[in-house]
Amino acid sequence: RFLQQSAVAGAGLLAFPAILRSASPNSMLQVASIGVGGMGGRTMKSVASHPKVKIVALCDVDQPTLDVAAKEFTDASQHKDWRELLARHGGEFDAVTVGTPDHMHAAIAVTALRARKHLYLQKPMATTLHECRVITREAAKAGVVTQLGNQGRSSIESRMTVALLRNGAIGK
């Protein structure tokens, strides 16, 4: 069952317990989702399936995508600009999921970390090693829980492929 869930977009729910542990045990974790279509949408839904999580804010530049998510999370506020969401409404949530196009990951992650938000970031972490190092430093400074989505890399198929290659199944 674990392997099935990790192969499908269940990574958010599987990884999010570390972030949940950082919240008060008696409270709901308030989550803002930035990028609510495609993989970001699957992450958002997976995270939202936890009984101690409430999606309180949705953010996407694409209005039709935002509209679809808003139908499922009717109480969540809607935003088109992640900068405005974090700057003006950051006090309304504890954690952020980021499922935007790859080139946007670093800027959103760093801004969320500087706002001291727990962070679930889809892979790749960023597009350059420098950006990855900046995100890592900011996460350490913020003292928050972070998680990088890597469900495709942790599937049974990927791990078996690596094992076969390492064991010389096809040669050097």
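- Evaluation of the salt bridge (Lys or Arg N to Asp or Glu O under 4.0 Å) rule for Glu92 yields no partner, not counting sequence neighbours.
- Under the side chain to side chain donor-acceptor pair (under 3.5 Å) criterion, Thr161 pairs with no residue, sequence neighbours left out.
- Residues meeting the side chain to side chain donor-acceptor pair (under 3.5 Å) test with Lys141, sequence neighbours left out: Glu138.
- Between Val98 and Met104 the shortest side-chain heavy-atom distance does not fall below 4.5 Å.
- Cluster membership for Val61 and Ile108, using ILVMFWY side-chain heavy atoms within less than 4.5 angstrom, is not shared.
- Side-chain contact between Phe93 and Leu86 is present, with at least one heavy-atom pair separated by less than 4.5 Å.
- The shortest distance between side-chain heavy atoms of Val56 and Asp75 does not fall below 4.5 Å.
- The heavy-atom pair separating Ala32 from Leu85 by the smallest distance is CB-CD2, 4.2 Å.
- Legend: ring pair (Phe, Tyr, Trp, His ring centres under 6.0 Å) pairs involving residues 62-90, not counting sequence neighbours, sorted by first then second residue: His79-His89.
- Atoms CG and OG1, on Leu58 and Thr74 in that order, are 10.0 Å from each other to the nearest 0.5 Å.
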Query raised in the report: Taking it one step at a time, do Thr100 and His105 satisfy side chain to side chain contact (heavy atoms under 4.5 Å, CB included)?
Result: CA-CA 7 Å; Thr100 59; His105 288 186; 3.3 Å; yes
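- Taking NE2 from His118 and CD from Gln30, the interatomic distance works out to 12.0 Å, rounded to the nearest 0.5 Å.
- Lys52 places none of its side-chain heavy atoms less than 4.5 Å from the side chain of Leu29.
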Report task. Check the pair Gln78, Asp67 against side chain to side chain contact (heavy atoms under 4.5 Å, CB included), reporting the backbone distance first and the verdict last. Result -> CA-CA 9 Å; Gln78 298 176 42; Asp67 292 342; 4.2 Å; yes
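- Once rounded to the nearest 0.5 Å, the distance linking CZ of Arg42 with CD of Gln122 reads 8.5 Å.
- Hydrophobic side-chain contacts under 4.5 Å tie Leu165 into a cluster, directly or through other members, with Ile170.
- Using a 4.5 Å cut-off on side-chain heavy atoms (C-beta onward), Ile34 and Val96 make contact.
- Val68 belongs to no hydrophobic cluster with other residues, because no ILVMFWY side-chain heavy atom falls under 4.5 Å from its own, directly or through intermediates.
- The salt bridge (Lys or Arg N to Asp or Glu O under 4.0 Å) check on Asp81 picks up Arg83, with sequence neighbours excluded.
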**Report entry** CA sep, side-chain torsions, deciding dist, call: Glu72, Ile55, side chain to side chain contact (heavy atoms under 4.5 Å, CB included)
**Finding:** CA-CA 10 Å; Glu72 185 167 351; Ile55 302 295; over 6 Å; no
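- The heavy-atom pair separating Ala57 from Ala76 by the smallest distance is N-CB, 3.8 Å.
- Taking CG of Asp94 as the start and CE of Met28 as the end, the distance is 10.5 Å to the nearest 0.5 Å.
- For Lys117, there are no salt bridge (Lys or Arg N to Asp or Glu O under 4.0 Å) partners at least two apart in sequence or on another chain.
- Nearest heavy-atom pair across Arg116 and Ala142 is NH1-CA, 3.0 Å.
- Separation of atoms CG (Asp60) and CE (Met44) is listed at 9.0 Å; rounding is to 0.5 Å.
- With sequence neighbours left out, the side chain to side chain donor-acceptor pair (under 3.5 Å) criterion links Thr111 to no other residue.
- The CE atom of Met125 sits 11.0 Å away from the CG atom of Asn150 when rounded to the nearest 0.5 Å.
- The shortest side-chain heavy-atom distance between Leu113 and Ile135 falls under the 4.5 Å cut-off.
- Here His103 pairs with nothing under the ring-ring contact (aromatic ring centres under 6.0 Å, His included) rule; sequence neighbours left out.
- Partners of Asp102 by side chain to side chain donor-acceptor pair (under 3.5 Å), not counting sequence neighbours: none found.
- Counting all heavy atoms, side chain and backbone alike, Thr97 lies closest to Ser33 at OG1-OG, 2.8 Å.
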